[in-house]
Amino acid sequence: MNIPRLRLQHRWQWKKRRLPLRLRLALWSAGLVLVLSFGLLLFINSAAIASFPRVIRGNEVRIDRNRRRLTNPLEAALFLELRNISLIGLALVAGLGGVGAYWLAGMALRPVRKVGDAARRISANTLDTRLAVGGPKDEVKEMADTFDAMLERLERTFEAQGCFVADVAHELRTPLASLRTNLEVVATDSDATLEDYQAMAATQERALTRLERLVADLLILATSEQPLARCEVTLGTLLEEVIVDLKPVANAQRVICRLNNEVDVVVHGDTSLLTHVFSNLVENGIYYNHPGGEVVVTLDQKDDWAVVTVADTGIGIKAEQRPHIFERFYRADCSHTRHKGGAGLGLSIVSAIVQQHGGKVQVESTPGKGSTFTDLLPP
């Protein structure tokens, strides 16, 4: 038999059966009161015994040194009475102190119990619950306020998650419905020709492209919430590649794209994610533009920060739409977004990736004149 192991298990079981915090506080307080009271009574008794010879006049004090006890009957009687009264007082003080400490501990721990009760009641449907503890700003109120703040963050997160899931379901349902409708139309048409099947194939290809783009965007959003695999990225070279890759799209839309590379800037980040950021911004500048318009990408450096500006001469963004353009599935212009097969995730991906790199995105826009997006990236 392993004795040390049994002792360890017994010790662990004893810890699991530990008394409630309120009772422990009461016992600790009662013990402290008991010790202090015992010390006070010891001091009082010692002083009283030392004063017996002065109090009891006309009687000689005699102490049996062999038995170490008082031999004067009156003195012995007074000492016995004093001891009994002291013991009774000590017991009363300890008992009343323990009861009072138990009551005070219950009052002090009431907000803690409220936190526990609220935590047990919390579910996805009751995240609007708040403790709203009043009183002085002590440790208990700070804990309750922290708990309320956590519930508020959880409520916002659940609401955002619900909206996100609903938006994803809607975006997936639209192309899937288009696929099914075209299949049913052609399948039920006994006179369908080769041209009908080719038109159906073209429609299905567009729907599948939209689905693929939506899934790819969702995967990028999921990746933007994970730690980065950083490496040195030369932004000048990366922006040149983005401009070259989007040249055919710009030519098709009759939009001019050019790069103003003022300095050679190197940042630490993920090359593919940063490429996606600038591709999204330049592509938006192309599609939300007009024939003969222009998209200018400028690279600069300010206070060790890389500054990438993407300016277009397109339709611009209205002032009331500007605060929402980085929200997921938000579309400032549905007709343009639908035309290029987007789901309203482009700018939200830009914002998420830039923030993941420790940077920030700024936007300035004038309706009818164009928009300017500025990305600030740390070194």
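Remember, predicted model here, so these are calculated numbers, not experimental data.
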Under a 4.5 Å cut-off applied to non-hydrogen side-chain atoms, are Phe373 and Val308 in contact? no

Output for pair (Ile286 CD1, Asn251 CG), nearest 0.5 Å, gives 9.0 Å

Can you find a pair of side-chain heavy atoms, one from Phe278 and one from Leu239, that are under 4.5 Å apart? yes

Heavy-atom side-chain contact between Ile317 and Tyr288 under 4.5 Å: no

Using a distance-only test with no angle check, is there a side-chain donor-acceptor pair under 3.5 angstrom linking Thr309 and Thr298? no

Establish whether Val282 and Leu376 are linked, either directly or via other cluster members, by ILVMFWY side-chain heavy-atom contacts under 4.5 Å. no

Tightest non-hydrogen contact, residues Gly293 and Thr313, listed as CA-OG1, 3.4 Å

Let me confirm one number: the CG-CD distance from Asp245 to Glu240, rounded to the nearest 0.5 Å. 11.5 Å

Could you give the distance from CG (Asp264) to CG (Leu299), rounded to the nearest 0.5 Å? 8.0 Å

Would you mind reporting whether Phe326 and Val361 have side-chain heavy atoms less than 4.5 Å apart? yes

CD (Glu283) and NE2 (His276) are apart, to the nearest 0.5 Å, by 8.5 Å

Could you measure the distance from the CD atom of Glu184 to the CE atom of Met200? Nearest 0.5 Å is fine. 12.0 Å

What closest approach, in Å, do Ser365 and Gly370 show between heavy atoms, and which atom pair accounts for it? OG-O, 3.3 Å

Are Val296 and Tyr287 in one and the same hydrophobic cluster, where Ile, Leu, Val, Met, Phe, Trp and Tyr link if side-chain heavy atoms are under 4.5 Å apart? no

Checking His357 side chain against Ile353 main chain: does a donor-acceptor pair fall under 3.5 Å? yes

Quick one: does Leu238's side chain get under 4.5 Å of Thr275's, heavy atoms only? yes

Looking at Gln198, I'd like to know if its CD atom is crowded, meaning that more than 12 non-hydrogen atoms belonging to other residues, nucleotides or ligands lie closer than 6.0 Å. yes

More than 12 foreign heavy atoms under 6.0 Å from CD of Gln362: is that the case here? yes

Using every non-hydrogen atom in the two residues, find where Thr271 and Cys231 come nearest and quote the distance to one decimal. OG1-SG, 3.8 Å

Just by distance, no angles: are the side chains of Glu241 and Thr237 close enough, under 3.5 Å, to form a donor-acceptor pair? no

Can you tell me if Asp270 uses its side chain to pair, donor with acceptor, with the backbone of Ser272 under 3.5 Å? yes

Does Leu259 belong to the same Ile/Leu/Val/Met/Phe/Trp/Tyr cluster as Val249, with side-chain heavy atoms less than 4.5 Å apart forming each link? yes

Flag the pair Val310 / Thr372 as yes when at least one side-chain heavy-atom distance between them is below 4.5 Å, and no otherwise. no

For a quick test of reading the model, state the closest non-hydrogen atom pair linking Ile325 to Leu347 and the distance between them. O-CB, 3.3 Å

Pairwise distance CG(Leu377) to NE2(His268) - rounded to 0.5 angstrom: 12.5 Å

Looking only at heavy atoms, what is the nearest atom pair of Gln356 and Arg230, with distance? O-NH2, 3.6 Å

Taking the side chain as everything from C-beta on, heavy atoms only, tell me whether Val265 gets closer than 4.5 Å to Val307. no

Asp375/Lys360 under side-chain contact (heavy atoms from CB on, under 4.5 Å): CA gap, chis, key distance, verdict: CA-CA 6 Å; Asp375 294 341; Lys360 50 188 176 180; over 6 Å; no

Would a single hydrophobic cluster contain both Val295 and Ile243, if residues Ile, Leu, Val, Met, Phe, Trp and Tyr are joined by side-chain heavy-atom contacts under 4.5 Å? yes

Over all atoms of both residues, closest heavy-atom pair of Cys257 and Ala250: SG-CB, 3.8 Å

Exceeds 12 heavy-atom contacts within 6.0 angstrom, atom CZ of Arg254: no

Test item: Asn280 side-chain N/O and Val350 main-chain N/O as donor-acceptor pair under 3.5 Å: no

Please answer whether the main-chain N or O of Thr193 pairs with a side-chain N or O of Asp196 as donor and acceptor at a distance below 3.5 Å. yes

Sub-3.5 Å donor-acceptor pair from the side chain of Asn289 to the main-chain atoms of Glu294, do we have one? yes

So, Arg322 side chain and Val363 main chain: donor-acceptor pair closer than 3.5 Å or not? no

